[in-house]
Novice: 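I'd like to ask you about the structure that follows.
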Amino acid sequence: MSNDTHPHPGCLIVVAAPSGAGKSSQVKALLAADPQLAVSVSHTTRAPRGQEMHGSEYWFVDNAAFDRMVLADDFFEWALVHGHRYGTSRRAVLQELERGQDVVLEIDWQGALNIKRLFPDAVLIFILPPSWEELERRLLGRAEDTPAVIEQRLANARLEVSKARSFDFVIINSRFEDAQTELQTVVRAQRLRYSAQRRRQPQVFSALGL
Ligand code: 5GP
């Protein structure tokens, strides 16, 4: 992949946050509100949690399968997060971008920064919790993880939050609806950037001599 602006009509929107900040619920609501958005389903070596289904939240694969995909260069990026590997599928993202969908990547900060290197036009959004106390409260309230996992996630959150300064936009998820409005606003504005408009409406631009 060259370092140029990608040629496809769709926009790439990357959302990162420490776990417990409400990222998944925010992205879910964003997708429900906006049919022009598609989410990229990542591959991971971690086991499914609760009601998670293969191909829905993630493609759940074993270490050997993940290794094969890395060797085949199937990922735009992959990272080790909380002890498991996660990767963004090159083919799935390109397919959506080519058919004009805007693609949301719900990935960690390492993946977000790698995507920005590949696609300088990608917009990077970081969702912050309103406080450390609230983050801990939300992690404990989810009752999805063991206490050891929660401890690890809280410790990792300190590092993750420090990466927010490298992102284009920051949304503080205090009241869900307010944060959702802000997220939708950022996505709408992203579509109006010169480069995005030019990719989506090349005939208008060339007729105008642009
Ligand atoms: P979880 O196990 O809680 O679903 O996800 C753990 C972290 O991995 C989250 O921050 C999630 O956004 C991130 N993640 C999910 N898919 C990918 C991916 O494809 N690449 C990267 N770099 N991170 C991912």
Side-chain angles (χ1 to χ4, degrees), residues 1-18 21-42 75-79 86-129 160-210:
M1 177 64 46
S2 80
N3 208 35
D4 295 338
T5 299
H6 71 84
H8 312 302
C11 297
L12 258 183
I13 295 141
V14 183
V15 184
K23 175 173 61 167
S24 299
S25 316
Q26 286 292 346
V27 169
K28 211 166 156 194
L30 176 69
L31 290 166
D34 191 335
Q36 209 183 307
L37 283 175
V39 73
S40 157
V41 177
S42 294
F75 295 126
F76 272 133
E77 63 76 35
W78 67 269
Y86 297 81
T88 304
S89 158
R90 190 184 290 281
R91 198 178 40 196
V93 170
L94 285 179
Q95 260 169 14
E96 295 291 351
L97 289 178
E98 277 162 16
R99 61 189 196 94
Q101 290 290 108
D102 297 326
V103 178
V104 180
L105 303 181
E106 200 188 325
I107 60 181
D108 88 315
W109 66 270
Q110 307 170 79
L113 298 183
N114 283 329
I115 290 290
K116 188 78 170 184
R117 266 175 230 125
L118 290 170
F119 298 101
D121 266 5
V123 64
L124 266 48
I125 306 168
F126 202 96
I127 298 182
L128 284 175
E160 289 164 346
V161 161
S162 75
K163 303 297 175 184
R165 62 171 60 90
S166 305
F167 281 59
D168 300 311
F169 293 95
V170 170
I171 290 173
I172 299 173
N173 189 10
S174 182
R175 237 186 109 242
F176 184 90
E177 292 75 17
D178 294 344
Q180 179 59 210
T181 303
E182 290 171 358
L183 191 54
Q184 291 182 18
T185 304
V186 170
V187 170
R188 292 208 185 106
Q190 168 72 5
R191 292 182 176 137
L192 303 181
R193 279 162 66 164
Y194 186 93
S195 54
Q197 288 279 48
R198 194 171 194 291
R199 288 196 311 268
R200 206 179 289 279
Q201 319 231 40
Q203 66 294 354
V204 174
F205 278 67
S206 63
L208 292 171
L210 290 166

Novice: What are the two closest non-hydrogen atoms of P202 and R199, and how far apart are they?
Specialist: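 In this case the closest contact between P202 and R199 is CD-O, 3.5 Å.
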Novice: Would you say that L12 contacts D121 through its side chain, given a criterion of any heavy-atom pair below 4.5 Å between the two side chains?
Specialist: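 Answer no - side chains too far apart.
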Novice: Using 0.5 Å steps for rounding, measure from the CG atom of L97 to the CZ atom of F119.
Specialist: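 Rounded to the nearest 0.5 Å, the CG-CZ separation comes out at 6.5 Å.
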Novice: Nearest heavy-atom pair of A196 and C11: which atoms, and what distance?
Specialist: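 What the structure gives for the nearest pair is CB-SG, 3.8 Å.
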Novice: Could you tell me the separation between the CD1 atom of I13 and the CG atom of L30, rounded to the nearest 0.5 Å?
Specialist: 7.0 Å
Novice: Under the side-chain contact (heavy atoms from CB on, under 4.5 Å) test, which residues partner Q101, sequence neighbours left out?
Specialist: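 For Q101, the residues satisfying side-chain contact (heavy atoms from CB on, under 4.5 Å) (neighbours in sequence not counted) are A38, E96, R99.
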Novice: Keeping N173 on the side-chain end and A21 on the backbone end, is there a donor-acceptor pair under 3.5 Å?
Specialist: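 Yes; at least one donor-acceptor contact below 3.5 Å.
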Novice: For L210, enumerate each residue passing the side-chain contact (heavy atoms from CB on, under 4.5 Å) test, keeping only those at least two apart in sequence or located in another chain.
Specialist: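 L210 satisfies side-chain contact (heavy atoms from CB on, under 4.5 Å) with Y194, F205, L208 only.
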Novice: If you look at every heavy atom in T181 and T185, which pair is closest and at what distance?
Specialist: O-OG1, 2.7 Å
Novice: Could you give the distance from CG (L183) to CZ (F176), rounded to the nearest 0.5 Å?
Specialist: 9.0 Å
Novice: Check G87 against W78 and note the closest heavy-atom contact, atom names and distance.
Specialist: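 In terms of heavy atoms, the two residues are closest at CA-CB, 3.7 Å.
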Novice: So, taking the atom named OG in S166 and the one named CH2 in W109, what distance separates them when rounded to the nearest 0.5 Å?
Specialist: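 If we round to the nearest 0.5 Å, S166:OG and W109:CH2 are 8.5 Å apart.
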Novice: Which residues satisfy the side-chain hydrogen bond (donor to acceptor under 3.5 Å, both in side chains) test with D102, sequence neighbours excluded?
Specialist: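 Counting only residues at least two positions away or on another chain, D102 forms a side-chain hydrogen bond (donor to acceptor under 3.5 Å, both in side chains) with Q36, R191, R200.
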Novice: For a 4.5 angstrom cut-off between non-hydrogen side-chain atoms, does H8 reach L94?
Specialist: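 When only atoms from C-beta onward are counted, L94 and H8 do touch, with a gap below 4.5 Å.
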Novice: Determine the minimum heavy-atom distance between A17 and I127, stating which atoms define it.
Specialist: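 Shortest heavy-atom separation between A17 and I127 comes out as CB-O, 3.2 Å.
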Novice: To the nearest 0.5 angstrom, please state how far the CZ atom of F76 sits from the CZ atom of R91.
Specialist: 12.0 Å
Novice: State, with a plain yes or no, whether a side-chain heavy atom of I107 is found less than 4.5 Å away from one of Y86.
Specialist: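 I107 vs Y86: side chains apart.
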Novice: Looking at side-chain heavy atoms only, is the closest gap between I172 and D178 below 4.5 Å?
Specialist: no
Novice: Could you report the tightest heavy-atom contact between V14 and A122, atom names first, then the distance?
Specialist: CG2-CB, 4.5 Å
Novice: Which residues pass the side-chain contact (heavy atoms from CB on, under 4.5 Å) test with F169, not counting sequence neighbours?
Specialist: V123, I125, V186
Novice: Taking NZ, NE, NH1 and NH2 as the nitrogens, is one of them in D168 or K116 under 4.0 Å from a carboxylate oxygen of the other?
Specialist: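 Salt bridge present between D168 and K116.
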Novice: Mind checking what makes side-chain hydrogen bond (donor to acceptor under 3.5 Å, both in side chains) contact with Q180, not counting sequence neighbours?
Specialist: Q26, Q184
Novice: Going by side-chain contact (heavy atoms from CB on, under 4.5 Å), name the residues that satisfy it together with E106, two or more places apart in sequence or in a different chain.
Specialist: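 In terms of side-chain contact (heavy atoms from CB on, under 4.5 Å), with neighbours along the sequence ignored, E106 is linked to K23, S24, V27.
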Novice: Atom NZ in K163, atom CZ in R165: separation rounded to 0.5 Å?
Specialist: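 The distance works out to 8.5 Å.
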